[in-house]
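Below: the structure, in structure tokens.
Every chain is numbered from 1, with letters handed out A, B, ... down the list of sequences.
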2 protein chains.
Amino acid sequence: MNEDRLLATYLVETPYSLNYAAEKIAGEQSTGTFVTVPGETHALKERHRAQIVKVTPLEDVTHPSLPGGKIPSHHDGVYHRGEVVIAFPVCNFGISLPNILATVAGNLFELQELTGIRLIDLEFPRGFSEGYKGPRYGVAGTRKLIGVYRRPIIGTIIKPSVGLTLEALQQLVYELATSGLDFIKDDELNANPPYAPLEKKVKAVMEAIHRAADKTGKKVMYAFNITGDIDQLRAHHDCVVSAGGNCVMVSINSIGLSGLSYLSRFSEVPIHGHRNQWGMYTRAPFLGMDFNVYQKLCRLAGADHLHVNGLNSKFYESNASVVHSIQSTLKPFLGGYETMPVISSGQWAGTVQETYSNIKSIDVMHLAGGGILAHPNGVAAGCESMKYAWEAATQGIELHHYAEKYPVLQAAIDHFSTK
Amino acid sequence: MNEDRLLATYLVETPYSLNYAAEKIAGEQSTGTFVTVPGETHALKERHRAQIVKVTPLEDVTHPSLPGGKIPSHHDGVYHRGEVVIAFPVCNFGISLPNILATVAGNLFELQELTGIRLIDLEFPRGFSEGYKGPRYGVAGTRKLIGVYRRPIIGTIIKPSVGLTLEALQQLVYELATSGLDFIKDDELNANPPYAPLEKKVKAVMEAIHRAADKTGKKVMYAFNITGDIDQLRAHHDCVVSAGGNCVMVSINSIGLSGLSYLSRFSEVPIHGHRNQWGMYTRAPFLGMDFNVYQKLCRLAGADHLHVNGLNSKFYESNASVVHSIQSTLKPFLGGYETMPVISSGQWAGTVQETYSNIKSIDVMHLAGGGILAHPNGVAAGCESMKYAWEAATQGIELHHYAEKYPVLQAAIDHFSTK
């Protein structure tokens with residue numbers, strides 16, 4: 001029914017009426033200009049003008065969220081908030097992620113009739129699934145590559161983030177890969193630095209991973225951070241794949257959704273999508289966009305894994321918001337696009353129960369840096385403590401109770417619960 | 001002296017001390033993790049840890065700018081603001097724009113120790129000029145291609161933004177190209193839509209431009225919006241160049257800085273950089289980044305022209321901020337990177353004098369959509385009115401005075417000054 005329209009939902013705040021603000025958005029982002037020009041005919045407007053679908057008033061406030069608003073001449077001091085749904089004709093931009101961004105985001109955030117404007121949902125017509133195939137591996141493909149089912153993928157991040165020599169890194173990776181972990185990733189701060197260039201890093205890391213696999217019979221998944229200029233993405237990807245690597249990682253906001261989509265068209269391994277810089281787009285409540293929009297864009301562009309923060313993290317975000325991010329990423333979208341949410345930041349065994357009780361899913365990656373590496377009994381114990389915590393959570397057993405049976409879990413609680 | 005360090009300056013707001021907040025930033029974005037891990041040795045920290053260069057206190061406030069801040073146990077209700085300069089060792093990321101973003105922006109915006117965090121300057125070591133050559137054409141190259149010197153490039157935008165048939169577009173372009181304009185651009189909403197695919201659009205537009213050039217002896221510059229997926233950028237560029245086109249335009253935030261940098265490595269014509277979506281990064285005063293940072297990133301990545309908004313525009317931005325954007329874009333950077341600022345939005349002859357008196361430069365593009373197309377005496381008169389306004393401004397003649405000599409200028413004043 002909406003096959004020829006893209007629906008965008010905005011949170012709007014304005015000193016004008018909500019309907020006037022909605023008209024401004026629809027005009028600015030389709031056929032309008034600041035004075036009427038000759039070519040803006042009735043027939044053209046019929047076909048191409050964005051339409052207001054719905055305006056839902058919310059509360060009024062007395063202080064504007066953003067600066068620079070133009071105040072109407074007889075302003076009563078009130079700023080109206082509401083949700084506005086706008087329908088954009090797909091024929092204005094076609095099946096093109098870069099060009100829908102210019103339309104649904106575009107100059108909107110700068111309009112002086114608005115003192116708050118946030119993109120909170122996008123509803124894509126089915127045609128987008130033709131143009132953007134999405135993740136090639138997703139949840140099922142990732143599980144198959146690692147050989148882990150019926151529980152989350154447990155992983156860690158190389159720490160310290162930067163500075164490890166290739167020798168130290170190789171030694172650490174071997175230790176991690178023989179400690180029961182499913183997944184290891186580079187830090188987002190570490191991609192292809194002069195002191196440990198990617199090519200040499202891949203060689204050193206894969207040597208450790210293959211050696212560990214010979215010992216354990218299990219090949220861990222390692223997400224190599226291949227973030228770089230577009231020209232480098234293919235070479236870096238090929239370097240990883242030809243060395244037997246089974247995952248590449250990118251900072252999505254560094255290479256752009258376009259860079260992600262480019263990579264996904266040829267990647268032979270899952271793409272681990274890191275969302276660093278995301279706070280810039282979302283932390284001001286009446287500006288930018290919700291993660292609900294971002295996750296759809298990233299899934300269309302082909303992220304197999306997508307970072308979603310974690311409960312009780314070191315970041316500003318509320319647990320409710322994190323739960324919402326995980327749930328929206330797990331929700332089927334255009335009949336597919338199964339991207340695996342990556343839970344990370346300040347995680348350890350003690351954050352599992354609350355996570356599971358909220359999301360009721362095991363189709364996630366659960367990463368702990370310090371929460372595994374700094375376990376008092378070592379890395380293997382840290383990893384075990386995470387697995388036991390998930391066992392307890394999924395079986396509905398209280399964590400402290402389960403810890404009576406598993407000393408590594410008790411040790412994690414003793415060590416981390418005061419941090 | 002700073003050849004091995006990248007200096008980032010932040011505006012910070014925190015319920016903690018400024019020094020504590022600065023330490024958090026330096027730690028999070030280099031060697032730190034939430035608990036100390038074994039590999040974080042003294043020697044590693046010496047080489048790789050980011051350093052606080054300077055902390056300059058500003059005012060204190062009693063309300064946090066951003067939500068989600070963690071409040072210290074004995075908080076006095078005060079949030080401290082200040083400027084913090086952090087030095088990041090270049091060896092952590094190398095000469096890589098995508099990877100410096102993960103470092104200088106990264107997870108910073110999400111730190112709960114901060115209630116405000118904005119990147120306001122980046123000082124690049126000289127090495128970046130080796131990795132990123134910047135604009136190939138810039139001010140001088142653009143002037144040479146158009147043959148316009150000693151005044152700004154006067155241009156317009158195709159309006160209505162979307163919906164014109166190829167026939168109507170061709171007719172409009174011919175009219176514009178025979179009306180004395182130097183430059184015409186596609187709207188950012190219009191790139192490669194199904195009803196007027198880029199290939200056909202290029203053919204139709206270039207036919208009009210060549211026909212106009214035969215008549216006038218002057219070939220106007222037309223910026224074709226080639227925004228699209230990475231795979232399409234080269235094909236779209238080649239399509240424009242092989243038809244005799246002399247400029248390509250991209251929505252920088254749609255293709256990413258990486259996409260821009262990719263395009264600039266092969267583009268045979270100037271790249272016209274549109275900044276739509278920019279408001280999302282900058283409108284919250286204590287979040288995101290200043291244009292001062294953005295323009296440097298875009299210049300490094302190769303934007304020959306860069307949109308900077310305009311004075312008295314339809315957007316929220318203050319004139320002082322617009323002037324600052326123009327001045328920072330005109331300021332030499334790493335010994336070059338001459339990008340032409342593009343002044344646009346709500347512009348007409350009447351916005352010239354205030355612009356020139358503030359920026360004291362003619363090395364800009366000055367675009368007017370309605371301000372030229374909707375001139376009561378037609379497009380040629382609209383274009384003339386802009387040129388006369390610049391003559392008046394640069395000669396120090398009052399606009400109304402100059403208008404006595406030039407009726408098209410007076411007509412513009414009569415028509416637009418009440419809008």
> Among A:Leu114, A:Asn192, A:Leu257, which has the most heavy-atom pairs under 4.5 Å with chain B?
Replying inline: A:Leu114

> Any idea which heavy atoms bring B:Ser254 and A:Ala102 closest together, and the distance?
Replying inline: OG-N, 3.9 Å

> Between B:Ser321 and chain A, which part of the residue has a heavy atom less than 4.5 Å away: side chain, backbone, both or neither?
Replying inline: neither

>> Applying side chain to side chain contact (heavy atoms under 4.5 Å, CB included) to A:Asp231 and B:Tyr262, what does each step give before you reach the verdict?
In response: CA-CA 7 Å; A:Asp231 293 320; B:Tyr262 168 74; 3.4 Å; yes

> Which atoms of B:Arg283 come close to chain A, meaning under 4.5 Å heavy atom to heavy atom: side chain ones, backbone ones, both, or neither?
Replying inline: both

>> Counting heavy-atom pairs closer than 4.5 Å to chain A, which one of B:Gly279, B:Gly256, B:Ala196 comes out on top?
In response: B:Gly279

> Among A:Ser313, A:Ser30, A:Pro197, who wins on heavy-atom pairs under 4.5 Å with chain B?
Replying inline: A:Ser30

> Going from CG on A:Leu101 to CD1 on B:Ile255, what distance comes out if it is rounded to the nearest 0.5 angstrom?
Replying inline: 12.0 Å

> With a 4.5 Å limit on heavy-atom distance, are the side chains of B:Tyr195 and A:His48 in contact?
Replying inline: yes

>> I'd like to know which of A:Asp187, A:Leu97, A:Ile230 tops the heavy-atom pair count under 4.5 Å against chain B.
In response: A:Ile230

> Passes side chain to side chain contact (heavy atoms under 4.5 Å, CB included), A:Asp229 versus B:Tyr132? Steps please.
Replying inline: CA-CA 10 Å; A:Asp229 287 323; B:Tyr132 295 93; 2.5 Å; yes

>> Between A:Phe88 and chain B, with a heavy-atom cut-off of 4.5 Å, which part of the residue counts as in contact: side chain, backbone, both or neither?
In response: neither

>> Let me confirm one number: the OH-CG distance from A:Tyr316 to B:Leu111, rounded to the nearest 0.5 Å.
In response: 11.5 Å

> Between A:Pro194 and B:Cys91, what is the shortest heavy-atom contact and its length?
Replying inline: CD-O, 3.2 Å

>> Looking at every non-hydrogen atom in both residues, tell me the closest pair between B:Leu44 and A:Leu164 and how far apart they are.
In response: CD1-N, 3.8 Å

> Given a strict heavy-atom distance threshold of 4.5 Å, which part of A:Ala168 is in contact with chain B: side chain, backbone, both, or neither?
Replying inline: neither

> What are the two closest non-hydrogen atoms of B:Ala284 and A:Leu287, and how far apart are they?
Replying inline: N-CD2, 3.5 Å

> Nearest heavy-atom pair of A:Ala105 and B:Gln277: which atoms, and what distance?
Replying inline: CB-CG, 3.6 Å

> Is it the side chain or the backbone of B:Arg265 that comes within 4.5 Å of chain A heavy atoms, both, or neither?
Replying inline: side chain

>> Using heavy-atom distances under 4.5 Å, tell me whether B:Ser261 contacts chain A through its side chain, its backbone, both, or neither.
In response: side chain

> What part of B:Ser251 gets closer than 4.5 Å to chain A, counting heavy atoms only: side chain, backbone, both or neither?
Replying inline: side chain

> B:Phe266 versus chain A, heavy atoms under 4.5 Å apart: side chain, backbone, both or neither?
Replying inline: neither

>> Using side chain to side chain contact (heavy atoms under 4.5 Å, CB included), reason through A:Asn276 and B:Gln29 one step at a time and then give a plain yes or no.
In response: CA-CA 11 Å; A:Asn276 68 78; B:Gln29 297 308 107; over 6 Å; no

> What residue in A:Gly228, A:Gly163, A:Ser96 has the most heavy-atom pairs under 4.5 Å with chain B?
Replying inline: A:Gly163

>> Taking A:Thr227's backbone N and O only, do any of them form a donor-acceptor pair with B:Asn99's side chain (distance below 3.5 Å, no angle check)?
In response: yes

>> By the definition side-chain hydrogen bond (donor to acceptor under 3.5 Å, both in side chains), identify the one residue from A:Glu113, A:Glu28, A:Gln112 that meets it with B:Lys314.
In response: A:Glu28

> Passes side chain to side chain contact (heavy atoms under 4.5 Å, CB included), B:Met280 versus A:Leu119? Steps please.
Replying inline: CA-CA 10 Å; B:Met280 181 158 46; A:Leu119 181 60; over 6 Å; no

>> Just so I understand: if I count every heavy-atom pair under 4.5 Å between each of B:Ala43, B:Ser65, B:Gly106, B:Gly131 and chain A, which residue has the most?
In response: B:Gly106

> A:Pro98, A:Ala301, A:Pro89: which one forms the most heavy-atom pairs within less than 4.5 Å of chain B?
Replying inline: A:Pro98

>> In the structure I gave you, are the side-chain heavy atoms of A:His63 and B:His63 within less than 4.5 Å of one another anywhere?
In response: no

